[in-house]
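One structure is given below, encoded as structure tokens.
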Amino acid sequence: MISGTRTPARREFLLRQAPALALLAAARPARAFALPELMTLLAARRSGEARFTEERFVQGLDAPLHSSGTLSFTAPDRLVRRTLSPRPESMVAEGNTLTLTRGGRSRSFALDAAPEMVALVEAIRGTLTGNAASLARHFRTRLSGDAERWLLELQPLDALLARQLRSVQIGGRRDEVRSVETLLAGGDRTTMAIEPVRAAPPAASAPP
Amino acid sequence: MSRVLAAPGPRRAGLALALWLAALALGLALIARAPFSADLSAFLPSDPDAEQRLLIQQIEGGVAARMLLIGIDGGDAAARADASRRLAAGLRASGLFEQVQNGERGGRAADDAGPAAAVAAGGGEQDAGRWLFEHRYQLSPSVTPERFGAAGLREAIDETLGLLGTPAGNAFKPLLDRDPTGETLRIAEGLIPAQAPRSEQGVWMARRAPRALLLATVRAPGADLDAQARAIARVRAEFAPLAAPGLALRLSGAPLFAVDSRAAIEAEVKQLAAVGALVMGGLLLLAFASLRAVAVAALPVVTGIVCGVAGVALAFPSVHGLTLAFGSTLIGEAVDYAIYYLIQARGAAAAGPAAAGEGWRAWLAHSWPTVRLGLLTSVAGFAALSFSGFPGLAQLGVFSIAGLAGAAATTRYLLPALVPDGAAGQGLRRHMARLAGAALHALPRLRTPLLVAGALALPALALQWQHLWRAGLGSLSPVPRAAQALDAELRAELGAGDARTLVLASGADREAALQAAEAAAPRLDALVEQGVLAGYETPARVLPSLATQRARQASLPDAATLSAALAEATAGGPLPAARLAPFVDALQAARRQAPLERAALDATPLAPLVDALLLQRPEGGYTALLALQPAGEEVDAARVRAALQGLPGGHRLQVIDIKQQLDALYARYLHEASVQALLGALAVVALLAAWLRSAPRLLAVCQPLALAVLLTLGGLALAGVALGILHLVGLLLVVAVGSNYALFFDQVQQRSLAAGGADDDTLASLLLANLTTVASFGLLALSPIPALSAIGRVVAPGALLALLLAAAFARRRAG
């Protein structure tokens with residue numbers, strides 16, 4: 001997902017977009033793309049907005065469950081998932097506080113008190129913020145692909161949580177997260193496709 | 001009577017001895033039967049108002065009084081988690097604990113009960129989850145008639161399905177067929193605390209330290225300190241084999257504080273008594289150079305302590321440990337009487353016209369009236385304290401009155417029989433007398449500077465009067481600072497910080513109280529929605545009122561109606577109605593379920609949860625406590641109060657802030673004690689006026705007392721000491737002790753007028769008496785128990801000042 005305001009990183013980003021540099025990158029295909037590199041790439045981004053569509057494949061149900069909405073993220077630690085369809089719902093993670101609003105009721109609680117929620121939030125938030133330490137605290141990580149098309153696989157370290165959650169796979173392109181796939185222990189699966197919302201033409205930080 | 005007892009001869013001596021022995025035996029018998037306590041009760045009022053009574057009930061018997069906070073430090077996360085599980089299992093098996101929580105969720109077997117199990121009272125208990133699941137149609141606040149129509153069902157099922165396919169919803173999946181509307185989730189949602197500890201490896205872990213966390217609620221009442229001590233010992237014993245892999249146990253909580261305080265007070269009593277006796281004995285030996293004199297001087301002291309403790313045992317249901325510790329200072333005061341007698345009777349025998357064996361007569365004639373007056377002024381001072389609504393102070397008052405009276409009576413009646421001419425030894429007394437004489441000569445020159453100092457202190461003290469008396473109830477706490485810090489840390493980590501703001505929903509019976517609590521719930525929910533509150537606890541979530549349960553049951557449709565609605569609701573959806581037959585059956589069964597009463601919870605771990613929040617009031621009726629969790633630093637009580645106005649059904653709920661209540665309680669003590677101290681001081685002055693019958697003499701006696709109080713206060717203020725109720729008691733003691741000195745100087749003055757010579761022995765006895773007093777209170781000042789050191793730090797310097805000032809302001813000869 002996620003484009004938008006890039007403050008000091010913008011100039012650098014535009015430079016990277018330059019064809020010469022792209023050629024340079026393409027000229028060295030053998031070089032492995034490592035986690036620190038991805039994290040640095042992602043950490044440069046301070047905020048973003050995206051739309052998502054999600055499909056859940058739950059065993060025992062006749063059809064997959066669809067939902068869609070928006071995702072937004074603001075460094076250092078605010079992540080909002082707003083479901084617009086089929087029912088309005090929201091999940092706001094900020095620091096260690098998680099606020100869930102469902103059925104017109106809001107509840108706030110400590111995120112780290114509920115390991116399932118930590119996994120859900122931290123996989124995405126940790127990736128978006130390029131927080132390698134946070135990811136390493138909760139997951140075993142495996143990165144494949146290259147900067148243009150990477151796939152980060154996360155497996156929970158907590159043994160109890162691993163009984164519920166098999167893995168989270170996050171796919172992206174450069175500093176944009178484009179998909180999140182969650183695999184549960186029972187075989188249920190959720191895939192989320194993320195489409196960054198291009199921010200309005202950046203006025204203040206536009207290069208001359 | 002005094003004529004009979006004053007009659008000379010062996011018959012009188014024998015009678016005095018017999019009476020003394022009888023009194024001592026009676027006192028000891030009373031003491032032997034008296035229960036001793038060292039709990040918080042001495043610091044709580046005996047005649048509280050209704051709100052305070054509830055608060056006290058909570059402090060004494062509430063869950064907080066029985067809750068141990070446990071930390072396991074060190075090792076790696078896996079080792080800590082393993083130790084946490086083993087310790088919890090051991091403690092649960094011990095039967096000493098009502099509940100042991102460590103964040104564990106019933107394990108694999110709990111899958112059936114799902115998230116509700118995870119939630120039950122903070123986790124841990126699988127059968128709580130099962131119970132909540134079984135009674136979901138009585139407990140879920142979502143149960144309304146609309147909920148089970150086609151539209152309501154569709155909405156509810158969609159919401160439940162929204163959770164599936166996520167790690168959080170996965171555990172609920174097995175319940176879907178029986179609970180497609182997610183009532184269990186709805187109940188669980190209400191029971192999830194807003195502030196819960198971090199969960200790692202399936203157990204609670206601290207956020208800021210490598211530490212596993214547990215909460216253990218002792219089954220025995222908080223006031224049963226022996227049982228609390230056993231429970232604490234059990235925790236340590238269960239942990240001992242786990243300590244090997246580099247792990248350390250951290251314990252805290254009210255039971256530990258109570259048990260430790262009791263031990264500390266007991267140790268302190270013994271230590272103060274032993275050191276006090278040694279120091280006193282040493283001083284007396286220096287003064288008399290005679291073991292016999294020391295032994296005789298100990299008699300009024302021992303008698304005084306026995307009388308004091310026996311008096312308290314008679315007047316109060318139990319004798320508090322602090323009273324005993326304080327009693328050791330009585331050594332310093334009671335020994336004064338013996339010193340006056342031993343020195344002055346001797347002096348009278350040696351110098352006066354009386355023959356050998358008649359020294360006591362001279363003492364009786366010249367000095368006893370002064371001692372008696374000093375005793376009466378002390379009694380007047382303490383009498384005011386005895387009526388305090390604060391049992392701790394009242395005990396001190398009664399103890400001091402009985403103790404001083406006993407010591408004085410022993411001096412007056414027993415000592416003449418044993419040592420008619422006082423103490424024979426001379427020791428260093430001559431030097432003391434010379435020193436005192438020189439001081440008496442020199443000190444009056446300091447009058448002007450002392451008066452100036454007093455005059456300066458007065459406005460300075462008046463200006464910052466409120467700030468001066470800033471010590472709160474916490475200043476009385478005998479819990480060491482490091483232990484308080486650990487406690488605060490563990491509490492913050494566990495989210496067990498005492499809920500500071502409570503809503504009280506009261507009623508004539510359980511049902512009425514629960515209905516009142518339910519009436520408040522929508523208003524509180526709105527405050528949670530607006531972000532004013534993070535959440536709140538209410539017993540009605542686990543035990544709804546019967547009226548509410550009946551209304552919910554009446555909302556459940558019959559099988560045919562439900563099946564029809566269900567078919568419509570699930571048409572075209574991913575969850576086929578055919579799968580939901582178990583739901584239809586469960587709902588039909590729920591229509592026939594008997595309403596839940598309190599007894600239904602007995603077999604579940606939820607019983608303590610409800611009992612902690614639904615209290616039987618000592619004066620009758622019930623109160624439901626709704627503990628509010630602040631969204632920020634603290635709860636805006638005014639806003640909560642406003643939100644709870646005009647509840648349907650005319651329910652009137654109270655919002656109380658516990659810290660405010662305790663502060664108010666303490667302010668009340670302080671105010672009450674100030675009035676009593678003032679009355680006591682007035683009584684002292686009135687007594688002196690009645691006795692002296694002379695304005696100049698009264699002034700000469702009162703002036704040094706007033707100055708001593710003023711300068712002591714000034715010194716404490718300069719030292720930056722936060723003054724509290726016990727400092728006030730100390731000041732009263734300064735007046736009581738100091739009045740004796742001033743009176744003796746008055747007596748010296750009167751006699752010098754008559755005899756034309758300074759009375760060396762009186763001066764020596766005064767100096768010695770003062771030294772013993774300063775020494776005994778000085779020891780108290782060093783005590784690690786704040787309540788004792790506060791008194792000591794006032795009286796030790798205050799008494800010394802009182803003597804010096806009395807000397808400085810003694811009226812000059814033929815003045």
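Any value given below was found using the heavy atoms of this structure, including those in side chains, with hydrogens, waters and symmetry copies removed. First the proteins, then the strands, lettered A, B, ... as listed; each starts at 1. All values reported here derive from a predicted model rather than from experimental measurement.
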Worksheet item: Checking heavy atoms, do the side chain of A:Ser106, its backbone, both or neither come under 4.5 Å from chain B?
Response: both

Item to complete: Name the option with the most non-hydrogen atom pairs under 4.5 Å to chain B; the candidates are A:Leu120, A:Asp158, A:Leu184, A:Leu157.
Response: A:Leu184

Discussion item. For A:Arg105 and B:Arg186: C-alpha separation, side-chain torsions, deciding distance, then whether side-chain contact (heavy atoms from CB on, under 4.5 Å) applies.
Written reply: CA-CA 10 Å; A:Arg105 300 178 308 274; B:Arg186 184 73 174 83; 3.1 Å; yes

Worksheet item: Considering only heavy atoms, which portion of B:Leu163 lies under 4.5 Å from any heavy atom of chain A: side chain, backbone, both, or neither?
Response: both

Worksheet item: So which part of B:Pro576 gets closer than 4.5 Å to some heavy atom of chain A, the side chain, the backbone, both or neither?
Response: both

Item to complete: For chain A, find its close neighbours in residues 76-86 of chain B: heavy-atom separation under 4.5 Å, sorted by number, or none.
Response: B:Arg85

Fill in: Salt-bridge criterion met for A:Glu195 and A:Arg178 (N-O under 4.0 Å)
yes

Worksheet item: In chain order, what residues pass the salt bridge (Lys or Arg N to Asp or Glu O under 4.0 Å) check against A:Arg140, with sequence neighbours excluded?
Response: none

Discussion item. Any heavy-atom pair between the side chains of A:Met39 and A:Leu135 that's under 4.5 Å?
Written reply: yes

Worksheet item: Does a side chain donor of either B:Thr144 or B:Ser555 reach within less than 3.5 Å of an acceptor in the other side chain?
Response: no

Worksheet item: Non-hydrogen atoms of chain B under 4.5 Å away: do they reach the side chain of A:Ala159, the backbone, both or neither?
Response: neither

Discussion item. Counting only non-hydrogen atoms closer than 4.5 Å, does B:Ala196 touch chain A with its backbone (N, CA, C, O), its side chain (CB onward), both, or neither?
Written reply: both

Worksheet entry | Which residues share a side chain to side chain donor-acceptor pair (under 3.5 Å) with B:Gln201, sequence neighbours left out | none

Item to complete: Decide whether A:Glu181 and A:Thr191 meet the rule of one side-chain donor and one side-chain acceptor closer than 3.5 Å.
Response: no

Practice prompt. Side chain from CB out, backbone as N, CA, C, O: work out which of these in A:Leu160 comes under 4.5 Å of a heavy atom of chain B, or both, or neither.
Written response: side chain

Worksheet item: How about B:Tyr536 and B:Thr501: do any of their side-chain heavy atoms sit closer than 4.5 Å?
Response: no

Worksheet item: Under a 4.5 Å heavy-atom cutoff, which of B:Arg579, B:Glu200, B:Gln629 has the most pairs with chain A?
Response: B:Arg579

Item to complete: Under 4.5 Å, counting heavy-atom pairs only, tell me which of B:Asp158, B:Val528, B:Thr166 racks up the most with chain A.
Response: B:Asp158

Practice prompt. Could you tell me whether a side-chain N or O of A:Arg102 sits under 3.5 Å from a main-chain N or O of B:Glu159, the two making a donor and an acceptor?
Written response: yes

Worksheet item: Does the side-chain contact (heavy atoms from CB on, under 4.5 Å) test come out yes or no for A:Leu100 and A:Met117, once each step is laid out?
Response: CA-CA 11 Å; A:Leu100 297 179; A:Met117 299 315 276; 4.1 Å; yes

Worksheet item: Highest number of heavy-atom pairs under 4.5 Å with chain B: which of A:Ser108, A:Ala114, A:Pro86, A:Ala113?
Response: A:Ala113

Worksheet item: Looking at residues at least two apart in the chain, or sitting in another chain, which of them share a side chain to side chain donor-acceptor pair (under 3.5 Å) with A:Ser134?
Response: A:Glu122

Practice prompt. Can you tell which part of A:Asp188 gets under 4.5 Å to a heavy atom of chain B, answering side chain, backbone, both or neither?
Written response: side chain

Worksheet item: Any ion pair linking A:Arg81 and A:Glu54 (charged N to carboxylate O, less than 4.0 Å)?
Response: yes

Worksheet item: Looking at B:Gly531, B:Gly162, B:Gly190, which has the largest count of heavy-atom pairs under 4.5 Å with chain A?
Response: B:Gly162

